[in-house]
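Encoded as structure tokens, the structure appears first; notes follow it.
All of these numbers come straight from a predicted model, not from anything done at the bench. In what follows, every chain begins at residue 1, and chains take the letters A, B, ... in the order their sequences are listed.
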Amino acid sequence: MATLDLFNTLSGTVQPLSAVGAPELRMYCCGPTVYDYGHIGNFRTFLHVDVLRRFLRQQGVAIRYVMNITDVDDKIIRNAASAGLPIAEYARPFETAFFEDLEALGIERPEIIARATECIPEMVALVEQLAAKEFAYQAEDGSWYFRVARDEDYGKLAKKDLDQIEDGARIESGEFNKDAVRDFALWKAVKALPDGSKEASWQTPLGDGRPGWHLECSAMASKFLGDTFDLHAGGEDLMFPHHENEIAQSESATGKLFARHWMHVRFLLVEGKKMSKSEGNFYTLRDLLLRGHRVSALRFLLISVPYRHQLNFTFEDLAASANAIDRLRTFHKRMVKGADPKSIAPFAEGINPAIEEGTTQAAELYTAALANDLNTAEARAAIFDLVRAANTATDQGTLLRGNAVQILAVLDLFDGVFAVLKDRDAELTRAALVWAEKENRLNEADPALLETLAFSDAEIDALVAERTLAKKQRNFARADAIRNDLLGKGILLEDAKDGVRWKRK
RNA sequence: GCACCGAUGGCGAAGUGGCUAACGCGCUGGUCUGCAAAACCAGUAUUCAUGGGUUCAAAUCCCAUUCGGUGCUCCA
């Protein structure tokens, strides 16, 4: 039985994904161009790759995952120039922010992270290899281009017909000296910036210049994963021309298959429209945190819709995801208490076989759903079915301690991929506020959020204790006043049999 | 313009020929509670964008139309 059946863009079918000829599954994902903060669309892609990676590891597959950081490109050069900074100085803070965001979202760090600017020799070598085979040529201005016409199977990933590409293509200024419009830049000869100074460049045997965008991924993937590797992932927009060009470069140079499997994550819409700055529906993770949304809710929402489907992001659904997570966390705590013989009210000893069967079935459905092209929606449903059944049984007193232990194991399995049960939300929101203060953007923060977080846990605990005392004295007016006051500040109290619970909304 | 993908309840979404169309959120009523919250129970789409067709049988297959998205140009 296959560990994971995954849609392969190259073949157009769902195929088993597996490590071939190596103990580790070797995968590559196109990382960010670090010219700004990451937005929720960027993170949808990285989150789904994280789901893939976590699930494979759960299935016992070892992984070697490489992500590149594009730290030199047109936008970085342009923005750095207008900020009056060297490109590295301009880009580095965004790179740091990107990794902070990944961490906050629970996205595991790839084994290898490679910066484009640190792999220049490998890129140069690749162009030289291509030139030797006449796939690359140097134009009058000193730039190097890939000769698409010489690559017979060009277009095989995106299923493009070459004639169409030519029809739609347009000649960019500065690239007029290419032999054919569809030829793409491998190495861009150095140019002057608007202020007359020289843009960032490297002195190489190819001339003074900088790498083209597609070149870095080809060079880095080979450097760290070999000429042929198992999986290449990225957003759907990268399929053409970026990934197609990577294939063209790598396969023309090596004569070998580049990536066996290609995974493309679909774009998301925001409130029914394409996310864009001009529509005013463009959000970075940090924007959402300052508005009082929780990181866990965003993670859960973005991964709950399977990667091949368009997801329509709305604030209503973000709130719904937060509520769904609360339910899961409440349930998880209930099972932890019931399973612990030392807790105040552990469940009765034993195992109820009917519940045991349901638990096993939930785990099987969950695994089968993810193994089927990462159907996260169905995997989620299997877990919620278990939650409902277990809650009902608990209410009826038929769920025994052994069942709780088994259910916790299934929740661990679920959380190994979804990673939303552990509550770090308040902590991460606080970190975002610290960042906002440093960046002078605290004015963008939701006032209610600031008020809620201003309350320390100790202060809340003190008020809860005061209310418990008032309740004992049957002073319900005072008790309710404290509860309502806290609720107004975003803190919700729950009176349970074994004491008072509270949580930040 | 050309190519490709999609349209399922109030919202998100699973399901790709055959049991009462999953699951989450929301809403309404009930149980529990001093009152709440949490949890549970019941209800909440006779129907899957629209029109036609194939079939004993269609949300699922085919054709057309409408709307949305993507690529052809920087983009996750």
Side-chain angles (χ1 to χ4, degrees), chain A residues 12 29-33 35-36 38-49 73-75 78 158-161 163-172 182 213 233-242 244 264-269 272-276 300-302 304-331 333-334 365 369 372 375-396 471 474-477 479-480 483-484 487 492-497 500-503:
Chain A
C29 177
C30 294
T33 301
Y35 67 98
D36 204 347
H39 56 71
I40 57 176
N42 296 124
F43 292 121
R44 183 183 192 209
T45 297
F46 300 127
L47 278 165
H48 277 285
V49 175
D73 93 314
D74 293 347
K75 269 180 273 194
R78 185 193 65 208
K159 320 279 183 272
K160 291 275 178 195
D161 181 327
D163 300 336
Q164 266 172 28
I165 295 168
E166 198 145 16
D167 287 346
R170 108 187 120 95
I171 300 174
E172 295 166 42
R182 61 177 184 246
W213 174 39
E236 65 168 325
D237 57 309
L238 297 184
M239 191 164 93
F240 194 91
H242 185 54
E244 193 70 57
H264 290 102
V265 180
R266 277 203 84 172
F267 265 34
L268 56 72
L269 301 182
K273 287 184 179 154
K274 184 181 176 171
M275 179 168 68
S276 76
F300 200 47
L301 175 60
L302 293 183
S304 286
V305 177
Y307 77 96
R308 281 215 283 152
H309 291 257
Q310 197 167 58
L311 156 73
N312 184 17
F313 173 93
T314 64
F315 286 98
E316 192 187 342
D317 295 319
L318 189 58
S321 287
N323 289 342
I325 290 174
D326 278 343
R327 182 163 171 217
L328 292 172
R329 286 179 180 166
T330 302
F331 174 72
K333 283 182 201 141
R334 193 179 197 191
L365 284 172
N372 177 21
N375 192 335
T376 45
E378 221 170 70
R380 221 186 85 138
I383 298 305
F384 277 106
D385 279 335
L386 176 65
V387 169
R388 188 176 0 82
N391 268 326
T392 303
T394 305
D395 282 358
Q396 293 168 347
K471 272 176 59 184
R474 304 197 64 79
N475 181 357
F476 294 121
D480 290 353
R483 187 173 63 196
N484 287 334
L487 187 61
L492 182 74
L493 299 195
E494 297 171 8
D495 295 335
K497 281 202 183 84
V500 182
R501 283 190 299 259
W502 61 264
K503 62 190 176 194

Nearest-neighbour nucleotide for the [X] side chain, [options] considered:
X	options	value
Thr45(A)	rA13(B), rA76(B), rC23(B)	rA76(B)
Thr330(A)	rA39(B), rG34(B), rA38(B)	rA38(B)
Lys471(A)	rG34(B), rG24(B), rA76(B)	rG34(B)
Phe240(A)	rC75(B), rC35(B), rG71(B)	rG71(B)
Asn312(A)	rA39(B), rG12(B), rG69(B)	rG12(B)
Leu269(A)	rG68(B), rG15(B), rC40(B)	rG68(B)
Val305(A)	rG12(B), rC75(B), rC35(B)	rG12(B)
Thr314(A)	rA39(B), rA76(B), rC11(B)	rC11(B)
Ala324(A)	rG24(B), rC75(B), rA14(B)	rG24(B)
Asp480(A)	rA14(B), rG34(B), rA76(B)	rG34(B)

Rounded to the Å, how far apart are [X] [atom1] and [N] [atom2]?
X	N	atom1	atom2	value
Phe300(A)	rG12(B)	CZ	P	17 Å
Arg182(A)	rC72(B)	CZ	P	16 Å
Leu301(A)	rG24(B)	CG	P	16 Å
Arg380(A)	rA22(B)	CZ	P	16 Å
Asp495(A)	rU33(B)	CG	P	13 Å
Asp73(A)	rC75(B)	CG	P	8 Å
Lys503(A)	rA38(B)	NZ	P	7 Å
Ile40(A)	rC75(B)	CD1	C1'	15 Å

For [N] and [M], measure between their [atom1] atoms and round to the nearest Å.
N	M	atom1	answer
rG69(B)	rC63(B)	P	24 Å
rG34(B)	rU8(B)	P	45 Å
rC61(B)	rA14(B)	P	15 Å
rA64(B)	rC74(B)	C1'	36 Å
rC23(B)	rU50(B)	C1'	28 Å
rA39(B)	rA45(B)	P	23 Å
rC11(B)	rG26(B)	C1'	8 Å
rC62(B)	rU16(B)	C1'	14 Å

Under a 4.0 Å heavy-atom cutoff, the residues of residues 315-323 of chain A touching RNA chain B are Glu316(A), Asp317(A), Ala320(A), Asn323(A)
Quick one: label [X] by what it contacts on the DNA or RNA (base, sugar-phosphate, nothing), any heavy atom closer than 4.0 Å.
X	value
Asn484(A)	nothing
Asn375(A)	sugar-phosphate
Pro241(A)	sugar-phosphate
Gly41(A)	base

Using purine N1 to pyrimidine N3 plus N6-O4 or O6-N4 for Watson-Crick, or N1-O2 and O6-N3 for G-U wobble, each under 3.5 Å, what pairs with [N]?
N	value
rU16(B)	none
rG6(B)	rC67(B)
rC48(B)	none
rA59(B)	none
rA39(B)	rU31(B)
rC11(B)	rG24(B)
rC72(B)	rG1(B)

Show the nearest heavy-atom pair for residues [X] and [Y], with the distance to one decimal.
X	Y	result
Gly234(A)	Thr45(A)	C-CG2, 3.8 Å
Asp317(A)	Asn312(A)	OD2-O, 3.9 Å
Arg44(A)	Pro306(A)	NH2-O, 3.1 Å
Glu494(A)	Lys503(A)	OE2-NZ, 3.2 Å

Considering just the side-chain nitrogens and oxygens of [X], establish if one lies under 4.0 Å of OP1 or OP2 belonging to [N].
X	N	answer
Asn391(A)	rC40(B)	yes
Trp502(A)	rA37(B)	no
Lys274(A)	rU70(B)	yes
Thr392(A)	rC41(B)	yes

Face-to-face contact Phe267(A) to rA76(B) six-ring, under 5.5 Å, under 30°
yes
Relative to the 5' end of RNA chain B, which residue comes earlier, Asn372(A) or Phe384(A), by the nucleotide with the nearest heavy atom?
Asn372(A)
Is the shortest heavy-atom distance from the side chain of Arg329(A) to the side chain of Ile325(A) under 4.5 Å?
yes
Would you mind reporting whether Arg327(A) and Phe384(A) have side-chain heavy atoms less than 4.5 Å apart?
yes
For the pair [X] (side chain) and [Y] (backbone), establish whether a donor and an acceptor sit closer than 3.5 Å, ignoring hydrogens and angles.
X	Y	value
His242(A)	Asp237(A)	no
Asn391(A)	Arg388(A)	no
Glu244(A)	Ala158(A)	yes
His39(A)	Ser276(A)	no

Polar atoms only, N or O, under 3.5 Å: list the protein pairs with nucleotides 4-8 of chain B and their distances.
residue	atom	partner	partner atom	Å
rC5(B)	O2'	Arg266(A)	NH1	3.0

When only distance counts, do a donor and an acceptor, one from the side chain of Arg388(A) and one from the base of rC40(B), lie under 3.5 Å apart?
no
Side chain of Arg44(A), base of rA76(B): donor and acceptor closer than 3.5 Å?
no
Check step by step if side chain to side chain contact (heavy atoms under 4.5 Å, CB included) holds for Arg483(A) and Asp480(A).
CA-CA 5 Å; Arg483(A) 187 173 63 196; Asp480(A) 290 353; 3.6 Å; yes
